[in-house]
Amino acid sequence: MNLKELLNKEQYEAVCHKDGPLLILAGAGSGKTRVITYRIANLISEHGVAPANILAVTFTNKAAGEMKSRIRHVVGKPADNIWMSTFHSLGCRILRAHAEKLGYTKGFSIYDEDDRERLVKECMHQAKVNEKEMKPYQIIRYISDIKNQLLNPRQYMEMAQDYNNKIVARIYVVYEEKMKRNNAMDFDDLIKLPVELLKSRNDMLEMYREKFRYILIDEYQDINNSQYELITLLAKKHRNICVVGDDDQSIYKFRGADITNILEFEDDYKDARVIRLEQNYRSTKIILKAAHNVIRNNTNRKAKELWTENNEGEKIIFYYTDDEIAESEAILKEVDRLQRGTETQLRQMAVFYRTNAQSRVIEDRFRRGGIPYKLIGGLSFYGRMEIKDLLAYLRVVSNPQDIISFKRIINVPPRGIGDASIDKVEENAMNANLSFIDGLLAADNVTGVKDSTKNTLKKFAAFFKNLSENKENMKLRDLVREIVNRTGYKDYWKSDASPKSRERVENIEEFESAISEFEESNEKASLEDYLNQVALLSSVDKMDEKADAVTLMTVHSAKGLEFDVVFIAGMEEGLFPHKNCKDEPGGLEEERRLAYVAITRARKKLFLLSAASRRQTGTKRITKISPYMNEIPPELLEHRGRMPVKTVEEKYLKGTIEDTLQDMEPEFDMPVDVAPTYKPGQKVKHKVMGQGQIMKIEPHGDDFKLTVVFKKHGKKVLSANHAGLEKI
């Protein structure tokens, strides 16, 4: 490799650094994947580092796969021995090898959010907590935060002080007991438990420290506390840790990500070398200028500014529309124009939004317009009911202790087994210290259950126990076929009269095909390997990049991706930045980083869209343009659509206020006849502020609040009784 020809000066320095801690501050589009790839290849080919002694961690399976493929292209087959994975895949691999040291078996189940919610509801019932006191999703978030802090139930019990924390502590105790009994782990356990293993077993810690002599962590700004602890433990001996990240792109605080990890890396490693990658290879100069002018308003960041040798590019289009419907129609119109006029492929276009709820209107307009689209973060193939049922069947074969999966499929198809019978069997199994499947086999000992039900339960359990004991001798495709045929699952949907039955049958057949494809490409793979792969897929991993369709996704999902054309919908105060961020420390700065990430996904063209009104929770509300629009220099923008009323700033007003007023069709929060003295849309005169127009009337005690837009003074809210307005 002639690295000097392949890399710029800073990239070359980062690739050739061998020993000791290294922080690579890699701005958006600065070629960090190339740097990581060549750095690993250089360690192997130039320094003789064994691939098995290299650990590389990134945030999606897709990114890990691409990186490994690139390294293989440079160094050949030895690249297969590198441990290249996500954090959760790393933790899962360690736990599959050593689960018994923590009291689990290697066939443990990995619970997704659905499974977790089912279990939490059971725990709430057992702990006598109803949903009026706390919602299951709130408890799940609490438990996730607790595990991120690496606290066990006893430690959290001692810390719990207020009412909510004490409720959560009670539930957490039951939750952990049930997880252990079910031989199951949640996603947080995949990091927490390896940390526990390494801290409690010096032999394990020493083994993995010797194994991972060189460690590379991508997207370091997004790691949470437990991930930080895991990597710190592994890197402590050899200290050959290279972290790559960008504090300006830290956007996952809601998942526990802690930006201080990257900001304080030099405190953790006093001898760390720092290299900044500031040359951008992705975007035009105009897009980069806009992004920099937004992000520079954050104070908690390391100073840097991206630059590029790319061309100046086209101005950023700012669309101001009447409402969310007009906004989606503007996107549709531009997509159609670009596709026809510039031959830009649909796969190179993306629409971003702050919340998933915004996608409905956009999807609706795309369907009507006949524009193909792919929705990231919506219901995926593996999220469909029938596929989750089949996965539950497989998890029971892999892990017969998995009560949650048993309960999901024990009556699907219907077998005449009531919840009361299942509860009695479970209670009897617990009292007799039996696993759930053995409890089903011992159903004869359970009182209050019909003999016919007992026979059904025993037959069901015997079938799965036999499959579990013989799974190693069966091909995966045969295992699935046996389950589908013997349980009558496909026939059940074939005979179903609902409109979705045909689609469900097709999905079951597609699942059988997916199993066959997996087995063909992974000859030695086990059932656990397949379940791992499915459980650890992210929404981005499932994205079909070859499909010629516009991508619709939240900005959070867009991290790490890039497109020729990007539309960012909903650039409004309260939506982007989101209204909830004001209540959280550092929330506004995180939202600005999110805006920066969104802008820097665009290679050639960027569209920013804002609506004058938007229907939220069933009510149409007047909106304000996002303050981030005010941070982009006006000379970088081209205005389309209607003219904004003075909301955040005056720089977008190309005409007069009077022209703007005449162009508006205001929405009102109450009927016109409620306040007979004034009418919405009526022109009025104020003795100080001059002429204006009434935009909204709202009751206020014995008075009314009038929202009036004046020619010279913009929008004001006045009292109807005391404003002294004169009708024109």
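Since the structure is predicted, the reported quantities are computational estimates derived from the model, not experimental observations.
Residue pairs satisfying the salt bridge (Lys or Arg N to Asp or Glu O under 4.0 Å) criterion with at least one member in residues 250-268, sequence neighbours excluded, are listed as follows: Glu266-Lys302.
Between Glu589 and Arg592, none of the side-chain N atoms (NZ, or NE/NH1/NH2) sits under 4.0 Å from a carboxylate O, so this pair counts as no salt bridge. The existence of a salt bridge linking Lys559 and Asp222 is confirmed by a sub-4.0 Å separation between a basic side-chain nitrogen and an acidic carboxylate oxygen. No salt bridge links Arg96 with Asp529; every basic N to acidic carboxylate O contact stays at or beyond 4.0 Å. The existence of a salt bridge linking Arg395 and Asp115 is confirmed by a sub-4.0 Å separation between a basic side-chain nitrogen and an acidic carboxylate oxygen. Ion pairing between a basic and an acidic side chain is recognised when a charged N comes within 4.0 Å of a carboxylate O; Lys180 and Glu176 show no such pairing. Salt-bridge annotation for Arg354 and Glu591: present, with a side-chain N of the basic residue lying under 4.0 Å from a carboxylate O of the acidic one.
Summarising the geometry, atom CG belonging to Asp112 is positioned 3.5 Å from atom NZ belonging to Lys388; distances are rounded to the nearest 0.5 Å. From Tyr596, atom OH reaches atom CZ of Arg296 across 13.0 Å, with rounding to the nearest 0.5 Å. To the nearest 0.5 angstrom, Asn261 atom CG is 5.0 Å from Tyr220 atom OH.
Pairing each heavy atom of Pro21 with each of His17, the nearest pair is O-NE2, 3.9 Å. When every heavy atom of Arg301 is checked against every heavy atom of Ile295, the shortest pair comes out as CD-O, 3.6 Å. Contact detail for Asn148 and Ser226: the closest heavy-atom pair is OD1-N, 3.0 Å.
Scanning for salt bridge (charged side-chain N to carboxylate O under 4.0 Å, His left out) contacts around Glu519 gives Arg477, with sequence neighbours left out. When the salt bridge (charged side-chain N to carboxylate O under 4.0 Å, His left out) test is applied to Arg273, the partners found at least two apart in sequence or on another chain are Glu13.
Atom NZ of Lys106 is surrounded by 12 or fewer heavy atoms from other residues, nucleotides or ligands within 6.0 Å. Annotation: Lys237, atom NZ; neighbour count of heavy atoms from other residues, nucleotides and ligands within 6.0 Å is above 12.
Judged purely by atom type and a 3.5 angstrom limit, Arg141 has no side-chain atom pairing as donor or acceptor with the backbone of Tyr137.
For the 3.5 Å distance criterion, the side chains of Glu219 and Gln221 qualify, holding a donor opposite an acceptor. Residues Asp564 and Thr344 have side chains that never bring a donor and an acceptor to within less than 3.5 angstrom of each other.
The aromatic rings of Tyr104 and Phe108 sit perpendicular, their planes meeting at an angle over 60°, well past the 30° parallel limit. Ring planes of His556 and Tyr252: tilted class, angle from 30 to 60°.
Considering Asp186, Asp189, Asp402 as possible partners of Tyr111, the one that fulfils the side-chain hydrogen bond (donor to acceptor under 3.5 Å, both in side chains) test is Asp402. Screening Leu7, Leu6, Ile275, Ile24 for a side-chain contact (heavy atoms from CB on, under 4.5 Å) involving Val15 leaves a single residue, Leu7.
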Q.
Run the side chain to side chain donor-acceptor pair (under 3.5 Å) test on Tyr38 and Arg70 for me, step by step, so that the C-alpha distance in whole Å, both residues' side-chain angles and the decisive distance to 0.1 Å come before the verdict.
A. CA-CA 9 Å; Tyr38 282 116; Arg70 291 191 194 187; over 6 Å; no
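When ring centroids are compared, His47 and Tyr214 stay outside the 6.0 Å threshold.
For the pair Arg603 and Tyr281, the cation-pi criterion (under 6.0 Å, within 45° of the ring axis) is not fulfilled.
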